[in-house]
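Contents: one structure, followed by commentary.
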Amino acid sequence: MARYFATCARGLEPVLAGELNDLGARDIEPGRGGATFHGDAAMLYRACLWLRTAVRVLRPIHEFDVRSPDELYDSVRSINWSDWMTPDQTLAVDCNVRDSAITHSQYAARRVKDAICDQFRDRTGRRPSVDTEQPMIGLNLHVSKNHAILSLDSSWSSLHKRGYRPIQTIAPLNEALAAGLLLRANWDKSTPLVDPLCGSGTFCIEASWIALNRPPGLTRKWFAFQGWPDFDRPLWNAIRDDARRAVRKDLPAPIAGSDVRQDAVDLALQNARAAGVGNLLNIQRLEMRDARPPSDVPGVLVCNPPYGERIGEEEELIGLYARIGAAAKEHWSGWRLLVFTSNTMLAKKVGLKVVHKEPFFNGSLECFLWEFATER
């Protein structure tokens, strides 16, 4: 059994812990920005394949206090690196530092790399080469208040990158955050879900994958753990094949999206096709006021409208938020209206009774998921 730490957006820690529990993880402890858990290799593989809210799954291998780059170098060099890799494997180091004597993350990452390469060169006459795109061994160094944790990164490329959204739109909603908001809201996947301001279609696509029981990592071509010395390929293939067989072919209830902008609709359709659900989602160009429920069964109406972060934008967006509330009240009575925004003033312009609101972070920006009542 190994110890792992799965990272996530702040606010999603309880959702991540719930996902880990459902997967069979042991000793789960939610913390700030993630959750610690224990498990075997199969648990790690399932976590990377199935976790919808996680950004990374890290395996800590060395924890120590450090106050200078030289101390960092010496401590990393004290590890027997032949336990974790060979000089023939490629290497990369990602680093973040906070409130510490070491202030330069790139220099800290370089010192870690130098310590490993120097040890191999002295012992074997060879040294690993660096591949920052797809390293066989990816390392994560986290330094906070002069305390360092060095971990193996099981995916290297962030788990929120599902592969269906190659074009990053302005202020996109992170895939892991979108999925986490739906899970936190306890959306019943047997009921419809509609995003009337769908943008690039992230809410719709993540909802469809949840409803289809499709793991977010199913079509990912490579995880960094595949370069680890103890990688069990037959076990990984079996876990992935089992997951593939469990994917549903049809949605239990309609999932639809619309947007007033044709370029957004085109992008959402492109992303849905890339996600393998283009034939299952109904995405079209519509004004908010013209959108209608796709079913007699009430469901969830969810949107991530602009927040009005730039000077002068707030005033322009008051009308949009008011239209969201007016349309929901007129045409979506009985549905749950969820609005994700960082702007409390604009959220209040929805003009409906607040059922619940909960804080989450979209990057460094504190936002709230507001739920409004739509009964007339």
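Side chains included, hydrogens not; waters and symmetry mates left out as well; all remaining heavy atoms used. What you are looking at is a predicted structure, and each value in this text was computed from that prediction instead of being measured.
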*asked:* Show every side chain to side chain donor-acceptor pair (under 3.5 Å) that has at least one partner inside residues 346-360, sequence neighbours left out.
replied: Arg184-Glu358, His356-Glu358

*Do Ser68 and Asp70 have side-chain N/O donor and acceptor atoms under 3.5 Å apart?*
no

_Ser155 and Asp153, any side-chain heavy atoms less than 4.5 Å apart_ = yes

*asked:* If the threshold is 4.0 Å, N to carboxylate O, is there a salt bridge linking Asp259 and Arg285?
replied: no

*In the single-linkage hydrophobic clustering (I, L, V, M, F, W, Y; side-chain heavy atoms under 4.5 Å), do Ile79 and Leu58 co-cluster?*
no

*Spatial distance of atom CD (Glu313) from atom CG (Asn343) [nearest 0.5 Å]*: 10.5 Å

*Parallel under 30°, tilted from 30 to 60°, perpendicular over 60°: which one fits the rings of His104 and Tyr107?*
perpendicular

*asked:* Could you see if Val130 belongs to whatever hydrophobic cluster contains Ile116? Use Ile, Leu, Val, Met, Phe, Trp, Tyr and a side-chain cutoff under 4.5 Å.
replied: no

*Provide the full list of side chain to side chain donor-acceptor pair (under 3.5 Å) pairs with a residue in residues 38-47, sequence neighbours left out, each pair given once.*
none

Cut-off 3.5 Å, no hydrogens considered: what does the side-chain donor-acceptor table look like for residues 90-100, sequence neighbours left out?
| residue | atom | partner | partner atom | Å |
| --- | --- | --- | --- | --- |
| Thr90 | OG1 | Met136 | N | 2.9 |
| Asn96 | OD1 | His142 | ND1 | 2.4 |
| Arg98 | NH2 | Ser144 | OG | 3.4 |
| Ser100 | OG | Arg98 | O | 2.9 |
| Ser100 | OG | Lys145 | N | 3.0 |
| Ser100 | OG | Asn146 | N | 2.9 |

*Under a single-linkage definition using a 4.5 Å side-chain heavy-atom cutoff for Ile, Leu, Val, Met, Phe, Trp and Tyr, are Tyr307 and Val260 assigned to the same hydrophobic cluster?*
no

*Are His62 and Trp84 close enough that some pair of their side-chain heavy atoms sits under 4.5 Å apart?*
no

*Can you tell which of Lys161, Arg52, Arg165 makes a side chain to side chain donor-acceptor pair (under 3.5 Å) with Glu175?*
Arg165

_In terms of relative ring orientation, are Phe372 and Trp370 parallel, tilted or perpendicular, with 30° and 60° separating the classes?_
parallel

*Can you check whether Phe368 reaches Val339 side chain to side chain, under 4.5 Å on heavy atoms?*
no

*Is Arg77 positioned over the aromatic face of Tyr73, cation under 6.0 angstrom from the ring centre and no more than 45 degrees off axis?*
no

_Any Leu301 side-chain heavy atom under 4.5 Å of Pro196 side chain_ = yes

*Check whether Leu235 and Met43 end up in the same hydrophobic cluster, where Ile, Leu, Val, Met, Phe, Trp and Tyr are linked by side-chain heavy atoms less than 4.5 Å apart.*
yes

*Using only heavy-atom distances, determine whether the side chains of Asp188 and Ser190 contain a donor-acceptor pair under 3.5 Å.*
yes

_Met85 side chain reached by Phe120 side chain, heavy atoms, under 4.5 Å_ = yes

For residues 4-13, please give each side-chain donor-acceptor pair under 3.5 Å, one per line with the distance, not counting sequence neighbours.
| residue | atom | partner | partner atom | Å |
| --- | --- | --- | --- | --- |
| Thr7 | OG1 | Arg56 | N | 3.1 |
| Glu13 | OE1 | Gly11 | N | 2.8 |
| Glu13 | OE2 | Gly33 | N | 2.7 |

*Between Trp156 and Leu141, is there a shared hydrophobic cluster once you connect ILVMFWY residues whose side-chain heavy atoms come closer than 4.5 Å?*
no

_Residues that Gln262 engages under side chain to side chain donor-acceptor pair (under 3.5 Å), provided they are two or more places apart_ = Asp266

*Taking C-beta and beyond as the side chain, do Leu251 and Leu212 meet within less than 4.5 Å on heavy atoms?*
yes

*Taking only residues at least two apart or on different chains, which pairs with a member in residues 18-29 satisfy side chain to side chain donor-acceptor pair (under 3.5 Å)?*
Glu19-Thr53

_If you define the side chain from C-beta out and look only at heavy atoms, does anything of Val297 sit under 4.5 Å from Pro192?_
yes

